[in-house]
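Notes to accompany the following structure.
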Amino acid sequence: MRNKTVRWGMIGCGNVTERKSGPAFWQVEGSSLEMVMARRDEQASDYASRHGIARYTTDASALVADEHVDAIYVATPPDSHLEYALMAASAGKPCVVEKPMALTTDECDQMLAAFEKANVPLFVAYYRRSLPRFDVVRNWLEQGMIGDVRHIHWTYHRAPNSDDKEGKDNWRVNPAQAGGGYFVDLASHGLNLFQQWFGNIVVAKGIKTNQQGYYEAEDAVAASLAFESGVLGSGYWNFGAANREDRVEIIGSEGRIVCSVFGEDDFELDGKEKASVNIENPDPVQYFHVENLIAHLNGDKEHPSLGIEGRNTTWAMEQILNG
């Protein structure tokens with residue numbers, strides 16, 4: 001695909017595609033969104049009309065097979081990632097799936113095997129790996145600004161969702177569709193980012209519970225981690241607290257870094273130097289993620305979020321939720 005426009009077919013027209021991801025696929029140079037698919041005709045046609053997409057369909061297999069589509073973006077809940085990714089692999093087309101990669105580690109392995117056999121890349125939309133905001137932390141770590149890293153801890157809690165309290169349908173807290181609850185949906189972002197900084201997670205243990213009873217999935221999780229670099233980690237996630245907090249603290253032999261995964265606060269360095277840095281995210285937030293997809297497909301550089309890293313994130317969350 002070197003030096004040619006990559007024409008994408010997008011499966012799924014949900015909320016994530018409205019502003020976070022979809023616009024990036026036609027705004028990035030060398031990328032175009034050729035076709036979109038949704039199961040309901042009115043949803044597909046509405047999305048295509050509002051966003052200026054030339055063609056739409058309700059048939060995923062037709063989109064994947066289309067000769068004017070070079071690569072596939074799967075923007076559906078995790079329970080269908082395996083099905084659609086295997087379609088793409090069978091057609092010999094590169095594919096990026098939304099996070100988390102799949103419902104289980106076994107499904108991730110099936111996907112990886114299919115794409116290895118097809119000799120085309122599989123990506124996962126852990127877009128924070130491509131954001132300059134988080135490059136700041138990575139650069140501080142690589143420069144040894146806090147000495148040898150000893151431990152990373154993430155505290156994340158927030159108030160319950162009003163729709164959940166009212167018992168409204170929500171796929172994100174349906175384990176059959178999401179693989180878990182908000183922990184799987186949200187903690188996956190941070191765990192995957194930490195892998196980029198400290199290497200894959202090699203040990204993951206946890207405790208989960210449901211304290212509120214609003215839905216089937218867990219709503220409180222605590223975990224202990226070990227990364228292949230030797231760094232240890234821990235985390236606490238609760239979705240029934242009085243208020244919101246998102247704080248990551250990285251402890252080193254000569255200082256610490258304080259940042260967040262979802263927040264917009266300054267990132268703080270207190271080590272060999274002191275610094276406070278805040279880089280705004282692009283709009284759409286997946287812009288640099290898509291830019292890196294195009295660079296990878298053109299052979300210019302490797303994308304930072306490949307399927308093998310996404311598999312490790314799913315494995316770690318599976319270990320945590322299984323105790």
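At least one donor-acceptor pair closer than 3.5 Å links the side chain of S188 to the backbone N or O of D185. No donor-acceptor pair closer than 3.5 Å links the side chain of N292 to the backbone N or O of H303. Of the possible donor and acceptor atoms, none in the side chain of N200 sits under 3.5 Å from a partner among the backbone N and O of E228. Between the side chain of K93 and the main chain of V64, a donor-acceptor pair closer than 3.5 Å is present. Using modelled atom types, no side-chain atom of D270 and backbone atom of G255 make a donor-acceptor pair closer than 3.5 Å. In terms of modelled atom types and a separation under 3.5 Å, the side chain of N139 and the main chain of D135 share a donor-acceptor contact. Distance alone, capped at 3.5 Å, is enough to place a donor-acceptor pair between the S45 side chain and the D41 backbone. The backbone N or O of N170 lies less than 3.5 Å from no partner atom in the side chain of D163, so there is not a single donor-acceptor pair. Side-chain atoms of T57 come within 3.5 Å of backbone atoms of D59 as a donor-acceptor pair (strictly under, hydrogens ignored). Remark: the backbone N or O of Y215 is paired with a side-chain donor or acceptor of N210 at under 3.5 angstrom.
Within 6.0 Å of atom CG in N243, more than 12 heavy atoms from other residues, nucleotides or ligands are found, so the atom counts as buried in its surroundings. More than 12 heavy-atom neighbours from other residues, nucleotides or ligands sit within 6.0 angstrom of CZ on R150. Taking a 6.0 Å sphere around CD of Q212, one finds it holds more than 12 heavy atoms contributed by other residues, nucleotides or ligands.
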Go through the steps to decide whether W8 and F25 satisfy the test ring pair (Phe, Tyr, Trp, His ring centres under 6.0 Å), and finish with yes or no. CA-CA 7 Å; W8 293 90; F25 284 91; 5.0 Å; yes
Dump the intermediate steps for side chain to side chain donor-acceptor pair (under 3.5 Å) on N192 and Q196, then the final yes or no. CA-CA 7 Å; N192 185 269; Q196 186 184 34; over 6 Å; no
Please lay out, stage by stage, how S305 and H289 fare under the test side chain to side chain donor-acceptor pair (under 3.5 Å). CA-CA 9 Å; S305 181; H289 162 71; 5.8 Å; no
From CA spacing to verdict: side chain to side chain contact (heavy atoms under 4.5 Å, CB included), V149, F198: CA-CA 9 Å; V149 179; F198 306 122; 3.7 Å; yes
Set out, in order, the CA-CA distance, both residues' side-chain angles and the distance that settles side chain to side chain donor-acceptor pair (under 3.5 Å) for S260 and D265, then state yes or no. CA-CA 7 Å; S260 63; D265 297 335; 5.5 Å; no
Kindly determine whether V184 and L321 satisfy side chain to side chain contact (heavy atoms under 4.5 Å, CB included), including the steps that lead there. CA-CA 9 Å; V184 169; L321 293 181; 3.7 Å; yes
Stepwise side chain to side chain donor-acceptor pair (under 3.5 Å) test for N238 and Q211: CA-CA 9 Å; N238 193 289; Q211 296 177 332; 3.0 Å; yes
Go through the steps for E218 and W237 under the test side chain to side chain contact (heavy atoms under 4.5 Å, CB included), then give the verdict. CA-CA 10 Å; E218 74 290 336; W237 304 265; over 6 Å; no
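Pairs engaging residues 245-256 under the side chain to side chain donor-acceptor pair (under 3.5 Å) rule: W154-D246, H157-E245, E249-R256 [sequence neighbours left out].
Separating the OG atom in S80 from the CG atom in L103 is a distance of 8.5 Å, to the nearest 0.5 Å. Atom CE of M37 sits about 14.5 Å away from atom OH of Y73, to the nearest 0.5 Å.
Of all heavy-atom pairs spanning L186 and R158, the tightest one is CD1-NH1, 3.5 Å. Contact detail for I320 and A204: the closest heavy-atom pair is CG1-CB, 4.0 Å. Between V6 and L297 the shortest heavy-atom distance is CG1-CD1, 3.9 Å. For I146 against L141, the heavy-atom pair with the smallest separation is CD1-CD2, 4.1 Å. Of all the heavy atoms in I11 and T76, the pair that sits closest is O-CG2, 3.5 Å. Taking all atoms of both residues into account, the shortest heavy-atom contact from H51 to W26 is ND1-CH2, 3.3 Å.
Note on I201: it does not cluster hydrophobically with V203, by side-chain heavy-atom contacts below 4.5 Å among ILVMFWY residues. By the rule that hydrophobic residues join a cluster once side-chain heavy atoms approach within less than 4.5 Å of another member, L232 and V221 end up as members of separate clusters. Following chains of ILVMFWY side-chain contacts shorter than 4.5 Å, one can reach V277 starting from V137, so the two form part of one hydrophobic cluster. With hydrophobic clusters built from ILVMFWY side chains whose heavy atoms lie under 4.5 angstrom apart, V136 shares a cluster with V248. W197 and V261 fall within the same hydrophobic cluster, where Ile, Leu, Val, Met, Phe, Trp and Tyr residues are linked whenever their side-chain heavy atoms come under 4.5 Å apart, directly or through other members.
Note: F239 and Y182 have tilted aromatic rings, judged against thresholds of 30 and 60 degrees for the angle between ring planes.
Checked against T313 for a side-chain hydrogen bond (donor to acceptor under 3.5 Å, both in side chains), the options K99, Q195, H189, E318 give a single hit: Q195.
Residues forming a salt bridge (Lys or Arg N to Asp or Glu O under 4.0 Å) with D66 (at least two apart in sequence, or on another chain): R55.
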